[in-house]
Trainee: 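After the structure tokens below, expect a handful of questions from me.
Throughout, a chain's letter reflects where its sequence line sits, starting with A, and its residues are numbered from 1. Given the structure is predicted, the values throughout are model-derived calculations rather than measurements.
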Amino acid sequence: MTIRVYNTLSRSKEDFVPREPGVVAMYVCGPTVYNHIHIGNARTFLTFDVIRRYLTFRGFDVRFVQNITDVDDKIIARAAEEGRPPAELAAEYTLAFRAAMDALGVERPTVQPKATETIPGMIEMTERLIKTGHAYVVDGDVYFSVRSFPGYGKLSGRNIDDLESGARVDVDERKQDPLDFALWKAAKPGEPHWPSPWGEGRPGWHLECSVMSEQELGLPFDIHGGGSDLVFPHHENEIAQSEAATGTQFARYWLHGGMLQINSEKMSKSLGNFTLLKDVLAAYPAPVLRLLMLQTHYRSPLDFSSDRLDDATRSYERLVTPLRNLEWAKRNRAVPTEQPAHADEIAAIEAAPEAARTAFAAAMDDDFNTAGALAALFDLVRALNGFLESHGIGDNARYAGRLDAAADTMRQLLGVLGVRIDTSSYTAEYPPLVLEIARDLAGYDGVDTRAAVEALLAARTVARNERNWAAADAVRDGLASLGLTVEDTAAGSRVVHRPAG
RNA sequence: GGCGACGUAGCCAAGUGGCAAGGCAGAGGCCUGCAAAGCCUUUAUCCCCGGUUCGAAUCCGGGCGUCGCCUCCA
């Protein structure tokens, strides 16, 4: 079965056929490093991380290039505000960006070039464009002439005349056409600058993507990705530059991610709802945020709120629980009933992983439908839970192999979505306050939190056996006050620490 | 003004011609001392009006509503 992708260029879903069988050349616009990235940025990067992972899962060798824009008006402005060198600011936020991506579980690009390290290539492309009559020099600035490129507007579905009729295009007398954009900007005093045939200056924003993608991938490469707000003018301009300079097609499939909103409003500084990724990750585990985002198709708008994060936290728990319960059952050899499973029950649990794989791939093949893929996984969760509920691993762990197969499939497919599953939450570190509770309720006077929890559970078991519900519930309530939930299972009691929310 | 999306249950959301996925929340039941976790059952005139079709959430036309882009934006 072929993968189908929605191509902005054709405004339709197309069969995905890479230029070279088995190899995908992919470029995704990266951040301008003038601040910590916000969750809108994060959504886009997460989207293309999943697309990359899925293509890899489907057997493609993916070469993934992402730029870092480390010279730009916004960087210069912010550095001036803070009274320090732009390069220092850019370096700091480059590191912060990489750290945030690591924390989100986004795989590192194959290559991650910086704009400041691509200056010679950008000068070279600008020279080519001037020679071929697609660009002109004015006072040390170089502009691309949009009228010189007949295909201008083909990506965003606009034409030059429509665009000019809009009143919002700035008028610069020195430009031949208001839509012409800068390839090279003459440096003002105090700005970063590099020598060029047109004097000291710095590159325009659109140019780096054209140059880097050609250098690292060659033209035409397979997938160009970014947020849908980049369709115009950024990606339109990339196409114009690259195709005018090379005479060949630039990118074959254009994929654009939908915008993220906060509480149904556009994220903006003036509304005060500018949420940074690092702040979200400080409050919620990365897999929860990932799950929230993957429950909506990547091209649809996504409304972000803390309520939705809380919902996603419970969804995440639903994924973790069966894996945790299986581990617990294997460790404790718990057998809920002596009743052996019927042949049809065994057939069902044996068929479940393959059914999930098939449904997962069918959803992902259809323009990376992660919400559908998650539904396949939740169906597998139900199959696992159901079997575990009625038969556990069986006597002598006779069913463990079949259950492991289902669990392994879950882990693998969740891995394709980049969702890390942490089943260790019932063996995690416990807060020091359990020592106090254990001293009061279980007579424990040591300093080992885990032993303290064991002592509390043992005390509760004794109390329950004596039908002393008040004492038993005191233990449970005490642990609950620390965010620890007591669960009674066929193999005894355990404590589960759940993420916030 | 130009271009383009979207409107599916209380909330989120998949589904582009053939009995409406999934998650969260709710209800009932099972299990439990009570819980938790889990299981079972349950919750939809698919924004409105026309049209095409044996058959429409899905295609076409109109209307209403929400949103994005057109300026730096992921």
Side-chain angles (χ1 to χ4, degrees), chain A residues 8 11 13 28-32 34 37-48 72-74 77 153 156-159 161-170 179 205 225-234 236 256-261 264-269 291-292 294-297 299-303 305 307-308 310-319 321-322 324-325 328 336 359 363 366 369-379 381-382 384-390 463-465 467-469 472-473 476-477 480 485-490 493-496 498:
Chain A
T8 306
R11 282 174 205 74
K13 279 187 202 171
V28 175
C29 289
T32 299
Y34 68 105
I37 64 162
H38 56 66
I39 54 174
N41 298 311
R43 183 193 185 194
T44 298
F45 299 142
L46 189 142
T47 291
F48 289 100
D72 166 271
D73 292 348
K74 291 193 291 291
S156 53
R158 299 152 205 250
N159 65 65
D161 297 322
D162 279 350
L163 285 165
E164 289 186 354
S165 68
R168 302 175 69 183
V169 179
D170 68 328
L179 290 170
W205 172 42
S228 60
D229 54 347
L230 296 184
V231 173
F232 187 90
H234 183 53
E236 198 69 71
H256 289 101
M259 294 293 99
L260 179 145
Q261 298 173 265
S264 304
E265 289 176 319
K266 182 185 163 116
M267 193 163 28
S268 76
K269 282 176 186 162
L291 213 47
L292 163 59
L294 296 181
Q295 279 174 330
T296 301
H297 187 89
R299 283 192 285 113
S300 300
L302 184 149
D303 197 29
S305 68
D307 281 354
R308 294 203 58 191
D310 292 339
D311 286 354
T313 298
R314 300 201 185 87
S315 301
Y316 179 65
E317 276 300 306
R318 185 157 169 82
L319 292 172
T321 297
R324 180 191 287 154
N325 285 348
W328 176 265
D366 183 12
N369 181 354
T370 51
L374 282 170
L377 285 170
F378 281 111
D379 286 340
V381 164
R382 183 171 300 105
L384 239 179
N385 279 338
F387 196 95
L388 225 34
E389 167 78 5
S390 44
R464 291 178 73 210
N465 289 339
R467 305 183 69 80
N468 182 352
W469 309 130
D473 291 349
R476 190 169 64 197
D477 294 345
T485 306
V486 175
E487 295 184 352
D488 295 329
T489 75
S493 303
R494 68 183 180 193
V495 159
V496 179
R498 296 219 157 71

Trainee: Main chain of A/G153, side chain of A/E236: is a donor-acceptor contact present, judged purely on distance under 3.5 Å?
Mentor: yes
Trainee: Output yes when a side-chain donor or acceptor of A/R43 lies under 3.5 Å from a complementary backbone atom of A/G258, and no otherwise.
Mentor: yes
Trainee: Send over the distance from A/N159 CG to B/G4 C1', rounded to a whole Å.
Mentor: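 In whole Å, B/G4 C1' and A/N159 CG are 14 Å from each other.
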Trainee: When the nearest nucleotide of RNA chain B is assigned to A/S156 and to A/H234 on a heavy-atom basis, which residue is associated with the more 5' position?
Mentor: A/S156
Trainee: In whole Å, I'd like the distance from the CD atom of A/Q261 to the P atom of B/A5.
Mentor: 17 Å
Trainee: Send over the distance from A/N369 CG to B/C12 C1', rounded to a whole Å.
Mentor: 15 Å
Trainee: Rounding to an integer number of Å, can you tell me how far A/L319 CG sits from B/A37 P?
Mentor: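 From A/L319 CG to B/A37 P: 15 Å.
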Trainee: Which part of the nucleic acid does A/H297 contact within heavy-atom distance under 4.0 Å: base, sugar-phosphate only, or nothing?
Mentor: sugar-phosphate
Trainee: Check ring-ring contact (aromatic ring centres under 6.0 Å, His included) between A/H234 and all other residues, then give those that pass, not counting sequence neighbours.
Mentor: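 Expected list: A/W205, A/H206.
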Trainee: Quick check on A/R467: does its CZ atom have over 12 non-hydrogen neighbours (other residues, nucleotides or ligands) under 6.0 Å away?
Mentor: no
Trainee: Atom CG of A/L302 and atom C1' of B/A14: how far apart are they, to the nearest Å?
Mentor: 14 Å
Trainee: Counting only side-chain N and O atoms of A/S300, is one of them less than 4.0 Å from OP1 or OP2 of B/A14?
Mentor: yes
Trainee: List the protein contact pattern of nucleotides 23-33 of chain B with one symbol per nucleotide (5' to 3'): B for base contact, S for sugar-phosphate-only contact, - for none; contact means a heavy-atom distance under 4.0 Å.
Mentor: SSS-------B
Trainee: Among residues at least two apart in sequence or on other chains, which ones pass salt bridge (Lys or Arg N to Asp or Glu O under 4.0 Å) with A/R476?
Mentor: A/D473
Trainee: If you measure from the Lys or Arg side-chain nitrogens to the Asp or Glu carboxylate oxygens, is any gap between A/R382 and A/E389 under 4.0 Å?
Mentor: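 A salt bridge is absent here (no side-chain N lies under 4.0 Å from a carboxylate O).
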Trainee: Between A/N385 and B/G38, is there a contact of a side-chain N or O with OP1 or OP2 at under 4.0 Å?
Mentor: no
Trainee: Report the residue (A/D303 or A/T485) whose heavy-atom-nearest nucleotide on RNA chain B is the more 5′ of the two.
Mentor: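 Per heavy-atom nearest nucleotide, the more 5' residue is A/D303.
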